[in-house]
Structures are given as C-alpha cells and as structure tokens.
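These notes concern the structure reproduced below.
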Amino acid sequence: MIRIFCMVKIKLGISSCLLGEKVRYDGGHKLDHFLTDTLGKYVTWVSVCPEMGSGLPVPREAMRLVGDPEKPHLISVRTGVDHTGRMMSWAKKKVAELERDELCGFVFKSRSPSSGMRGIKIYSETGMPHATGSGIFARAFMETFPLLPVEDEGRLHDPALRENFIERIFAFKRWQEFTDGGGSTGELVSFHTNHKLLIMSHSQKHYRILGKIVAGAKKVKRAELHQQYFTTLMDGLRLLATVKKNTNVLQHMAGYFRELLSKDENQELQEVNEHYHRELVPLIVPVTLIKHYVRKYDVKYLKWQYYLNPHPLELMLRNHV
Ligand code: SF4
C-alpha cells in the first residue's frame, strides 16, 4: 500500500529573516506568518542568511547588484565596498553543506541582492538600473540544485503559485523516499501510476513523455532512467495547473464512474464539474464529491491518486484555485 502523505517532515531551506530572525541590514526581520505558522507545521526549516553567514555584521550597510548582468557584483550602496568575493566563496561552501541536508525546496526573500531568486535590479556603474537577475547566493544555489522547487515569499502570496510550489515540494519528498527505498522499475511504475492525474493537471505533454519513459524502463540503466523521469516530472509540475487543465482531469475521472453512478449522481457530478469550469466554485468542491464516490464505489485506480490527496488538508490548497 502506498503512503498518501510523507511520514517524515519535509526539509526546506529558507532565508532567515522570513522566520523572524533579526538579521537584516537594519537590524529588523521579515517574519512571514504563512510560512512559520501554516506551512511550518509540515516542514523543518533550514535557516540561511548569506550576509550574516559570510561574516557581515548587523546592522550593516544596504547593498545592491552592480555591473555586468551575467556576473554582477555585490556592492555596499554608500561606501561602494565590493563584497562579491566574500559572498561567492561562502556560497560555494554553503551549497555543498546544504547538499547533505537533502532539502526538498527553498523559500527565498524577495528583492534581496543576496537572497532574491529573480527580478533583482542590477545597476550600471553610473547608478541606473539596467537589468534584473538573481541575488548572488540564490543564483549559486539554483545552479547547484536546478530541479529543486524554489519560490520567494512574495510570489507565495499568489494562490496558484503557492499551490504549485507546495505540490512540487511534496512530490520531491516522495521521490526522495522512492529513491531511498531503492527505486526499482516496479516501484517506478507504481510511483508513476499514482501521480498520473497530478501530472496531467499540469501538462498533457509531460504526461505523455513520462508514460513513454516508464514504458521503456527496462531498456535503460536505473540511474539514467531516474534522471530522465525526475527531470521531466519536475519540468512538468513547474507548469501551472489551470482551470481548463483541471476540468480535463475532472472529466477524465468522471469517466471512471459513468457505469457505477446512478442517473442523479452522474448528473450531480457533471453539474459540479461544470460549476468549477465556470469558476463558480473552487476545485475542492468537485474533488470532494469525487473522493466521496471513490470511497463509495471503491474505485481503486483513483483511490491512490495524489491529485485527490496532494497535501495535508490543513493547507487548504484546493480551496483557492
Ligand atoms: S534577505 Fe537574505 S541576506 Fe538579507 S537578511 Fe534576509 S536572509 Fe539575510
């Protein structure tokens, strides 16, 4: 029997100031209550402050990125001191250390020249912003762990991006457990089977490619097979599940019940799916009805779909999309 939820807490990296640690240049913090109080129940945080970690004091001068957008420097705004070398050598050691932590994702502080993952202003030598990029540590981290789910706290306020990130970290954790358990071809078939509808809700294209990878599993060495499968899976899950894609999955699931449900039940299911399609109700409404029929009629294939049980109920994620 598969486990619907991961039994061990998920480990996520996080920019320290989001946990309320007073490590910012001005001695303050940026506590994010969703992260600490809600998501925090299901994860173990690994706190990382690159500026403190690389030896800078609190308080300190504010910094910004300056120069070539491909290789910007980290420069203090008032005195113009270049901290790039110190930050780069610390980041190199830190990512090696984090590799041993087996993280399932990272939540970065937005708008930071050290920790920001995207859209950070890069200034020209004359002091004008002329490009955007990633903070120095965030960039080193993402280059080392290209498949790891990453987001910043600003983007996580968007319900669709939040749902997507949380689905990915839970999928990442399940993959870790799958590979820790040996990751045989038979287990890969089960892993894939239980993720089918979840994948379909993100990308039909990736669903088809993953199906082919699994069908040809016996012809490929295990390490290569895992690499192909997991890279494709994470690429696919990164794409947002839209109302249209979710409606397709709901209709697909309805097909499993057509012969089982009474006329009234079939009609009710079609109505609820249609209401979701017209965005009159959130996804949790058809999902709850389908889960009820899955239990009532013991539909085995659907019973183990992570799409119907993607993460703990308390995160309320199917409520907002
Ligand atoms: S944004 Fe990053 S470097 Fe700045 S205080 Fe927060 S954790 Fe430290």
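The residues of the chain are indexed from 1 along the displayed sequence. Counting convention: from 1, in listed order, for ligands and their atoms alike.
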Exercise for review: Between V48 and ligand 1, find which residue part has any heavy-atom pair under 4.0 Å and reply side chain, backbone, both or neither.
Suggested key: backbone
Exercise for review: Answer yes or no as to whether an N/O/S atom of C17 is found below 2.8 Å from atom 6 (Fe) of ligand 1.
Suggested key: yes
Review point. Given Y307, which of I290, L302, V249 fulfils the side chain to side chain contact (heavy atoms under 4.5 Å, CB included) condition?
Key: V249
Review point. So which heavy atom on V281 is nearest to which on Y276, and how close?
Key: O-CD1, 3.4 Å
Point to revise | Ring-face cation of R162 near F34 (centre distance under 6.0 Å, axis angle within 45°) | key: yes
Practice item. Specify whether an N/O/S atom of S115 falls short of 2.8 Å from atom 2 (Fe) of ligand 1. Key: yes
Exercise for review: Please confirm whether R60 comes under 4.0 Å of ligand 1, counting heavy atoms of the residue only.
Suggested key: yes
Check your understanding: Which atoms of ligand 1 sit under 4.0 Å from any heavy atom of S15?
Key -> 7 (S)
Exercise for review: Can you sort out which atoms of ligand 1 are near S16, meaning under 4.0 Å from one of its heavy atoms?
Suggested key: 7 (S)
Check your understanding: Can you list the atoms of ligand 1 that are under 4.0 Å from a heavy atom of V23?
Key -> 5 (S)
**Study point:** Qualifying residue for salt bridge (Lys or Arg N to Asp or Glu O under 4.0 Å) with E51, from R60, K94, R24
**Key:** R60
Practice item. Within a distance under 4.0 Å of any heavy atom of K109, pick out the atoms of ligand 1 and give their elements. Key: 1 (S)
Check your understanding: Which of the numbered atoms in ligand 1 are below 4.0 angstrom from a heavy atom of E51?
Key -> 3 (S)
Check your understanding: By number and element, which atoms of ligand 1 are closer than 4.0 Å to a non-hydrogen atom of S112?
Key -> 1 (S)
Practice item. Check whether V95 and L74 end up in the same hydrophobic cluster, where Ile, Leu, Val, Met, Phe, Trp and Tyr are linked by side-chain heavy atoms less than 4.5 Å apart. Key: yes
